[in-house]
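Contents: one structure, followed by commentary.
Note that these values count all heavy atoms, side chains included, but never hydrogens, waters or copies made by symmetry. Convention: sequence-line order gives letters A, B, ...; per-chain numbering from 1.
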Amino acid sequence: MSELLSGWKRTGYCTEFTAADAGREVTLMGWTNVRRDLGALVFVQLRDRTGVMQVVFNSETLSKEDFDRACTIRSEYVLAVRGKVTLRTGNMVNSNMKTGDLEVLVEEFKILSTSETPPFDISDECKANELLRLKYRYLDLRRPAMQKHLIMRHKIAFIAREFFDKQGFLEIETPILTKSTPEGARDYLVPSRVHPGKFFALPQSPQLFKQLLMLSGYDRYFQIARCFRDEDLRADRQPDFTQIDLEMSFVEEEDVQAVNEEFLKKLFKETLDVDIQLPLPRLKYEEAMDRFGSDKPDTRFGLELCDISEVVKHSEFSVFRGAIENGGSVRAINAKGASGSFSRKEIDALGEYVKTYRAKGLAWMNYKEDGIASPILKFLKEEEVTAIKELTGFEPGDILFIIADANKTVYASLGALRLKLADKLNLIPENQFNLLWVREFPQFEWSEEEGRFMAMHHPFTSPMDEDMDKLESDPGSVRAKAYDIVLNGVEIGGGSIRIHSQELQQQMFRALGFTDEQAQYRFGFLMDAFKYGPPPHGGMAYGLDRLAMLISGTSSIRDVIAFPKVQNASCPMTGAPDFVDDKQLDELHIACTEKEE
RNA sequence: GGCCCGGUAGUACAGUUGGUUAGUACGCCAGCCUGUCACGCUGGAGGUCAGGGGUUCGAGCCCCCUCCGGGUCGCCA
């Protein structure tokens with residue numbers, strides 16, 4: 001059935017032609033988007049990745065045999081048509097189409113491929129559920145919206161390569177099969193055939209290799225690097241994803257940030273024609289948490305947090321007093337003018353919402369025209385209410401939401417509530433791109449599960465100079481030379497200045513509770529290398545997928561990945577992961593303990 | 001692992017209080033049609049109501065379990 005090209009060459013893409021081409025003989029190739037059969041006249045919209053062109057099969061100008069053949073054309077058939085570009089006039093013009101003033105009158109054509117009826121409509125209006133689209137991803141990718149996303153992703157990667165190349169960065173590949181570094185996320189493991197019982201790990205990031213490249217003297221490195229983390233998925237998280245990864249030698253924090261600000265400026269100009277003002281705002285971690293309850297604050301709107309602990313610390317209301325006495329705090333968000341925006345039922349729903357973040361409850365005060373309505377008013381003294389009003393700017397027409405708990409819980413729940421409120425109150429402006437740096441992250445994070453401090457960024461991050469002496473005496477208060485780049489409340493990248501002193505690195509491993517033997521076993525190659533003159537260095541990495549997602553304006557990372565995985569980390573199209581032959585397992589020295597029918 | 005939402009022709013949905021033969025639109029198939037462009041007209045085919053179990057005279061609808069998808073908390077150095 002499929003005909004061969006036999007020397008036919010495509011003149012150009014479907015949308016490449018204009019009125020100036022009228023009369024020109026052209027050859028177009030593409031997929032049948034829409035067919036309209038009027039009996040003795042058949043219209044087909046021919047589609048390629050640029051768009052569509054109408055081609056016309058006329059029974060008067062084609063042989064009967066050819067016209068009958070044209071009548072067999074169906075959706076998604078692949079055609080090659082030869083004919084004359086012709087102007088459409090009068091009501092033949094379709095002003096909704098880019099090529100609506102043109103059509104090609106077919107003189108000769110080939111049906112290069114036939115197609116079964118696709119399981120869903122290949123168009124942007126298609127509402128088929130995502131699982132079906134992912135099962136037939138190759139068809140889903142024909143939709144203009146998906147093509148637009150992948151083209152944008154390409155553009156971002158291309159701009160990155162162009163920019164970093166011009167800045168003297170070398171793109172150097174690092175291994176995909178590498179050594180497990182269990183400090184971070186779970187590793188994907190690959191069994192070794194030649195080393196029974198031993199495993200490679202897929203890289204969570206090229207971190208150690210890029211540091212070694214600095215030691216080797218490649219003082220500006222970058223890579224568009226595939227990374228793998230065996231953790232649960234989210235709307236903005238895939239198990240295999242791509243980083244724009246870079247590292248620089250002989251630099252401090254500001255140097256890394258300066259180069260990257262220029263990159264971001266270029267990126268937003270060339271993708272969205274948005275002008276980014278430099279330098280970008282810088283926010284300390286502590287301030288970000290205090291004001292926004294988040295280390296990746298969305299600064300496109302207000303609703304900032306307000307600490308009212310001081311004025312309620314002696315309150316008779318035991319929930320408030322208790323939280324403070326236990327080392328926590330009481331904080332509030334004043335939703336200005338939102339008094340009438342929430343029914344009692346909706347407020348209760350917000351209370352349920354914050355429980356997701358382990359808050360025990362949500363206190364609120366609704367300042368109506370006739371006074372404050374609030375379930376907690378009876379517990380508060382008049383001067384406490386007055387003080388709260390003063391601190392938070394609480395006025396008639398406002399609603400105040402208050403959470404009292406451990407700081408971690410207060411930040412998480414109020415930070416989430418802040419986003420929820422902004423969404424409900426339509427406070428988030430469109431087409432605004434707020435980029436900012438968050439810096440001075442804590443070096444360590446206490447892990448209840450492990451019963452020890454863990455590196456918040458990673459174990460190779462340098463502490464801040466002024467906190468160096470507290471590494472052992474007070475690890476919890478040590479700040480790191482670590483920074484994240486945040487766009488509209490999404491962490492799109494992060495990095496740090498690394499430790500380049502062998503002694504300090506050893507001290508760090510000890511602070512993290514590793515014995516020297518454990519450190520040697522896991523990171524010995526790095527420690528060894530550091531004996532040979534590592535330069536001061538630092539860098540960062542962007543999540544390319546997230547960047548593409550935000551720049552494309554979609555809310556799912558799957559929209560900007562050609563072949564993504566679903567929530568249980570499987571691929572509906574290939575069926576991966578899947579069982580393998582016993583023979584393969586034998587060769588890998590793996591005994592299979594679990595197998596379904 | 002927890003919580004929330006969802007699963008009905010190829011697709012998107014409707015389906016009343018549990019009650020006769022499960023509907024609508026698009027798509028598909030056939031016929032007619034020379035200017036369509038959301039083509040039109042006529043006719044037709046198409047259902048494991050996710051799967052299993054239960055309650056009931058009777059289940060798409062109620063209950064339980066399982067599977068699958070989405071969101072999220074934990075997790076993600």
Side-chain angles (χ1 to χ4, degrees), chain A residues 33-45 52-61 67 71 74-75 86 88-97 99-100 103 105 116-123 125-136 139 181-187 204-205 207-208 227-239 241 349 352-359 409 412-413 416 420 441 443-445 447-450 453-461 480 482 491 494 496 508 512 522-523 541 543 555-556 558 565-568 570 572 596:
Chain A
N33 198 43
V34 174
R35 173 189 66 112
R36 281 182 286 273
D37 181 350
L38 273 63
L41 193 62
V42 176
F43 297 97
V44 163
Q45 273 188 6
V52 295
M53 169 69 89
Q54 174 163 286
V55 301
V56 187
F57 299 87
N58 192 322
S59 57
E60 277 184 5
T61 57
F67 189 76
C71 288
R74 292 293 182 272
S75 288
T86 310
R88 291 155 77 171
T89 54
N91 60 5
M92 286 157 64
V93 173
N94 183 345
S95 55
N96 297 320
M97 271 171 74
T99 57
E103 62 191 8
L105 303 179
E116 289 189 14
T117 303
F120 52 84
D121 185 25
I122 313 287
S123 81
E125 286 72 48
C126 166
K127 293 192 179 74
N129 84 52
E130 201 181 358
L131 179 60
L132 187 77
R133 287 172 38 209
L134 288 176
K135 189 171 175 190
Y136 297 92
L139 297 179
T181 53
E183 242 327 63
R186 277 187 210 97
D187 286 319
Q204 298 177 24
S205 86
Q207 183 62 33
L208 296 178
C227 303
F228 308 86
R229 294 179 190 174
D230 188 3
E231 296 292 346
D232 287 348
L233 287 75
R234 288 287 188 281
D236 61 354
R237 245 162 57 188
Q238 283 274 308
F241 62 102
E352 286 306 308
Y353 178 70
V354 297
K355 283 181 186 167
T356 317
Y357 298 86
R358 307 215 159 155
T409 306
S413 52
K420 188 91 170 174
F441 275 82
Q443 181 84 39
F444 302 105
E445 209 172 13
S447 166
E448 288 297 336
E449 197 183 331
E450 301 265 330
F453 279 105
M454 307 274 284
M456 192 160 178
H457 189 53
H458 57 54
F460 318 106
T461 298
E491 178 202 328
S496 63
M508 181 61 63
L512 289 167
R522 289 181 177 179
F523 304 111
S555 54
S556 166
R558 296 182 296 276
K565 293 178 178 55
V566 296
Q567 196 172 49
N568 68 8
S570 67
E596 288 164 19

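In this structure, the nucleotide among B:rG35, B:rC75, B:rG69 sitting nearest to the side chain of A:R234 is B:rC75. Checking B:rC28, B:rA12, B:rU72 against every side-chain atom of A:S75, the shortest atom distance belongs to B:rC28. If you check B:rG71, B:rC73, B:rU36 against the side chain of A:A235, the one that comes closest is B:rG71. Listed candidates were B:rU11, B:rA30, B:rC73. Nearest to the side chain of A:A128 is B:rU11. For A:R88, the side-chain atoms get nearest to B:rG35 when compared with the rest of B:rG70, B:rG35, B:rC76. If you check B:rC29, B:rG10, B:rG35 against the side chain of A:L41, the one that comes closest is B:rG35. Here the side chain of A:N94 is nearest to one of B:rC37, B:rG74, B:rU36, namely B:rC37. With B:rG74, B:rA12, B:rC29 as the candidates, the nucleotide lying closest to the side chain of A:D232 is B:rG74. Side-chain proximity of A:Q45 to B:rC37, B:rC73, B:rU11: nearest is B:rC37. Closest to the A:R237 side chain, of the nucleotides B:rC73, B:rG10, B:rG74, is B:rG74.
With both ends at atom C1', the span from B:rG15 to B:rG60 equals 8 Å, rounded to whole Å. Taking atom P on both B:rA9 and B:rU24, the two are 15 Å apart, rounded to the nearest angstrom. To the nearest whole angstrom, the two P atoms, one in B:rA25 and one in B:rC63, are 32 Å apart. Comparing B:rU11 with B:rU17, their C1' atoms sit 31 Å apart, to the nearest whole Å. B:rG52 and B:rC67 are spaced 10 Å apart, taking the C1' atom of each and rounding to whole Å. Between B:rC37 and B:rC26, the two P atoms lie 15 Å apart (nearest whole Å). As rounded to the nearest Å, B:rA22 and B:rG27 have P atoms that lie 25 Å from one another. Spacing of P atoms, B:rC62 relative to B:rU16, comes out at 9 Å, to the nearest Å.
Atoms CG (A:L132) and P (B:rG7) sit 16 Å apart, rounded to a whole Å. A straight line from CD of A:E116 to C1' of B:rG10 spans 11 Å, rounded to a whole angstrom. Here B:rC37 presents its P atom at 10 Å from CG of A:N91, a figure rounded to the nearest Å. Straight-line distance from the NZ atom of A:K420 to the P atom of B:rG71: 15 Å, rounded to whole Å. A straight line from CZ of A:R35 to C1' of B:rA30 spans 12 Å, rounded to a whole angstrom. Residue A:R358 contributes atom CZ, which lies 7 Å from atom P of B:rC75 at whole-angstrom precision. The separation between A:E130 atom CD and B:rC5 atom P is 20 Å, rounded to whole Å. Between the NE2 atom of A:H458 and the P atom of B:rC76 there is a distance of 15 Å, rounded to whole Å.
Using a 4.0 Å heavy-atom cutoff across all strands shown, A:E103 reaches at least one base atom of the nucleic acid. If you check every strand for non-hydrogen atoms under 4.0 Å, A:E125 touches nothing. Within 4.0 Å (heavy atoms only), A:Y357 reaches sugar-phosphate atoms of the nucleic acid but no base atom. At a threshold of 4.0 angstrom between heavy atoms, the contacts of A:N58 include nucleobase atoms, whether or not backbone atoms are also involved. Backbone-only contact: A:L131 has heavy atoms under 4.0 Å from sugar-phosphate atoms and none from a base. Nucleic acid contact class of A:S59 (heavy atoms, under 4.0 Å, all strands): base. As judged by a 4.0 angstrom heavy-atom cut-off over every strand, A:S205 is placed among the base-contacting residues. Using a 4.0 Å heavy-atom distance criterion, A:L134 is classed as making no nucleic acid contact. When heavy atoms are screened at a 4.0 angstrom cut-off, A:A185 is found touching the sugar-phosphate backbone but no base atom.
B:rC3: Watson-Crick or G-U partner is B:rG71, with both key distances under 3.5 Å. Pairing partner, B:rA25: B:rU11, with both Watson-Crick or wobble hydrogen-bond distances short of 3.5 Å. B:rG40 is paired with B:rC32 under the Watson-Crick or G-U wobble criterion, all donor-acceptor distances under 3.5 Å.
By the neighbour-count criterion of 12 heavy atoms within 6.0 Å, atom CZ of A:R74 is densely surrounded, having more than that number from other residues, nucleotides or ligands. Other residues, nucleotides and ligands contribute at most 12 non-hydrogen atoms within 6.0 Å of the CD atom of A:E116.
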(request) Test A:E103 against A:M92 for side-chain contact (heavy atoms from CB on, under 4.5 Å), laying out the working first. (result) CA-CA 10 Å; A:E103 62 191 8; A:M92 286 157 64; 4.1 Å; yes

(message) Using the rule given for side-chain contact (heavy atoms from CB on, under 4.5 Å), can you reason through A:R229 versus A:Q238, listing the C-alpha separation, both sets of side-chain angles and the distance that settles it, and then say yes or no?
(response) CA-CA 8 Å; A:R229 294 179 190 174; A:Q238 283 274 308; over 6 Å; no

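Under 4.0 angstrom from either OP1 or OP2 of B:rC39 there lies at least one side-chain N or O belonging to A:R36. In terms of phosphate contacts, A:R558 brings no side-chain nitrogen or oxygen within less than 4.0 Å of OP1 or OP2 of B:rG69. A close approach under 4.0 Å does occur between a side-chain nitrogen or oxygen of A:N129 and OP1 or OP2 of B:rA12. For the pair A:N568 and B:rG69, the criterion of a side-chain N or O lying under 4.0 Å from OP1 or OP2 is met.
Once rounded to the nearest 0.5 Å, the distance linking OG of A:S75 with CZ of A:R35 reads 7.5 Å. How far CZ of A:R234 is from OG of A:S556: 13.5 Å, rounded to the nearest 0.5 Å.
Using a 4.0 Å cut-off between a side-chain N of Lys or Arg and a carboxylate O of Asp or Glu, A:E352 and A:K355 qualify as a salt bridge. A salt bridge does not link A:E231 with A:R237: none of the charged nitrogens is closer than 4.0 Å to a carboxylate oxygen.
If A:M92 and A:C126 are placed on RNA chain B by their nearest nucleotide, the residue sitting closer to the 5' end is A:C126. Position along RNA chain B of the nearest nucleotide to A:K127 versus A:D236 favours A:K127 as the more 5'-ward residue.
By the ring-ring contact (aromatic ring centres under 6.0 Å, His included) test, A:F460 is found to be paired with A:H458, A:F523, residues two or more places apart in sequence or in another chain being considered.
Interface remark: the A:E449 side chain does not form any donor-acceptor pair with the B:rG74 base, using a distance-only criterion of under 3.5 Å.
Residue side chain A:F120 fails the stacking definition with respect to B:rU11, as its ring centre and the base's six-membered ring centre are not both under 5.5 angstrom apart and under 30 degrees in plane angle.
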